[in-house]
Amino acid sequence: MDNAAMKRGVVIEDDWPGYSLDLFTYPEHYHEDIDSVYIPNGVIMNRVERLAHYVMDDFGDSIVVLCVLKGGYKFCVDLVEFIKVLGRNSDKYLETRVEFIRLKSYLVGELHRNDQPTEELHIIGSRDLSFLRGKSVLIVEAIVDTGKTMKALLKHVETFEPKMVKVAGLLVKRVPNMAENLTDYIGFEIPNHFVVGYALDYNEYFRDLNHICVISKTGKMKYKV
Ligand code: HPA
Ligand code: MG
């Protein structure tokens, strides 16, 4: 496979219906709230392990992992764990320090909620990222779509003069104004669907689902705010 194809990650085509719920296990209380298992947990895990290899190859002996909460927490935990295991099983050990950042996006004049697109970036929690100075930084984010949020975050991170910054996105959405080349490590390129699970939420629900799933009409209604 050539580099360009590898860079896109695992490409999920527009017509991918996902797997029937009956084929996998999931919390019983979500039975009516999801339509299909879009990406099973095992597939996610193996892809994350592969991304850990890429990170090991590209970074020197230490990195600061900047985890974007809340959606990025599962991806971050699993990625860092794979990096540690790889380090134990090879002659290269990548020392990782993990830091967290929380972003809130607002629609202009209205709170961001449901599955509305996001507009303005606000960094909440630790705004002072001066510990990034001179460091090799890996931003770990669950979803990148238009890249608006990521662009704003990168700009903010750059002001602290890190040595280098790379971005890992578990999912990149194919949207009209897709941000090309913003994400260095892509898990999966997916169609422009709203997905939940593996720490991705719909109004704080579904973070406890291990698979990435497509929410049902019932689910959308039930957890609407
Ligand atoms: N799911 C959950 N949160 C999100 C998504 C999504 O598809 N896109 C942007 N934030
Ligand atoms: Mg959310």
Side-chain angles (χ1 to χ4, degrees), residues 8-19 21 26-27 30 33-41 43-44 47-48 66-78 100-108 110-125 139-154 167-180 182-183 185-225:
R8 283 178 76 188
V10 176
V11 176
I12 299 180
E13 301 295 346
D14 287 349
D15 59 359
W16 170 238
Y19 296 98
L21 291 181
Y26 59 91
Y30 287 140
D33 309 332
I34 42 182
D35 273 338
S36 69
V37 172
Y38 204 62
I39 313 174
N41 182 261
V43 176
I44 299 168
R47 183 64 191 149
V48 174
L66 193 60
C67 172
V68 182
L69 295 173
K70 294 177 183 179
Y73 97 88
K74 286 278 289 170
F75 179 33
C76 179
V77 166
D78 291 333
F100 299 91
I101 190 168
R102 178 113 191 253
L103 308 175
K104 237 189 163 45
S105 308
Y106 293 93
L107 277 173
V108 176
E110 191 194 343
L111 266 178
H112 166 55
R113 55 189 199 179
N114 298 329
D115 55 350
Q116 294 301 299
T118 58
E119 285 298 335
E120 260 176 46
L121 176 77
H122 297 256
I123 294 170
I124 56 176
I139 297 176
V140 174
E141 167 71 285
I143 289 201
V144 180
D145 43 38
T146 63
K148 232 172 150 168
T149 303
M150 188 50 71
K151 271 192 198 128
L153 176 57
L154 277 167
V167 176
L170 180 67
L171 305 176
V172 168
K173 278 195 197 179
R174 274 194 303 280
V175 292
N177 293 312
M178 205 173 149
E180 304 283 349
L182 210 54
T183 315
Y185 310 101
I186 298 175
F188 303 85
E189 182 192 293
I190 65 166
N192 192 12
H193 295 322
F194 193 81
V195 292
V196 293
Y198 195 70
L200 284 164
D201 77 310
Y202 173 70
N203 297 326
E204 299 303 323
Y205 289 92
F206 300 106
R207 290 196 202 275
D208 55 338
L209 192 57
N210 277 336
H211 315 292
I212 290 173
C213 295
V214 174
I215 191 170
S216 69
K217 271 208 172 75
T218 310
K220 276 210 167 172
M221 287 307 295
K222 201 192 248 178
Y223 303 115
K224 211 176 171 74
V225 294

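Indexing begins at 1, ligand by ligand and atom by atom, following the structure's order. The structure displayed is predicted, hence computed values, not measured ones.
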Near Asp201 (heavy-atom distance under 4.0 Å), the atoms of ligand 1 are 2 (C), 3 (N)

Between Phe206 and Tyr30, ring centroids under 6.0 Å
yes

Closest heavy-atom approach to atom 2 (C) of ligand 1 among Val196, Ile215, Val195, Asp145 is made by Val195

Candidate pair Ile186 and Arg8, rule side chain to side chain contact (heavy atoms under 4.5 Å, CB included), full reasoning:
CA-CA 6 Å; Ile186 298 175; Arg8 283 178 76 188; 5.5 Å; no

Which segment of Lys173 sits under 4.0 Å of ligand 1 when only heavy atoms are counted
side chain

For the rings on Tyr205 and Tyr223, is their centre-to-centre separation under 6.0 Å?
yes

Please list, in number order, the atoms of ligand 1 under 4.0 Å from a heavy atom of His193.
7 (O)

Lys/Arg-Asp/Glu bridge criterion (N-O < 4.0 Å) met for Lys70, Glu204
yes

Tell me if the aromatic rings of Tyr19 and Tyr38 count as close, with their centers under 6.0 Å from one another.
no

Restricting to N/O/S, name the atom of Asp201 that gets closest to the Mg ion (ligand 2).
OD1

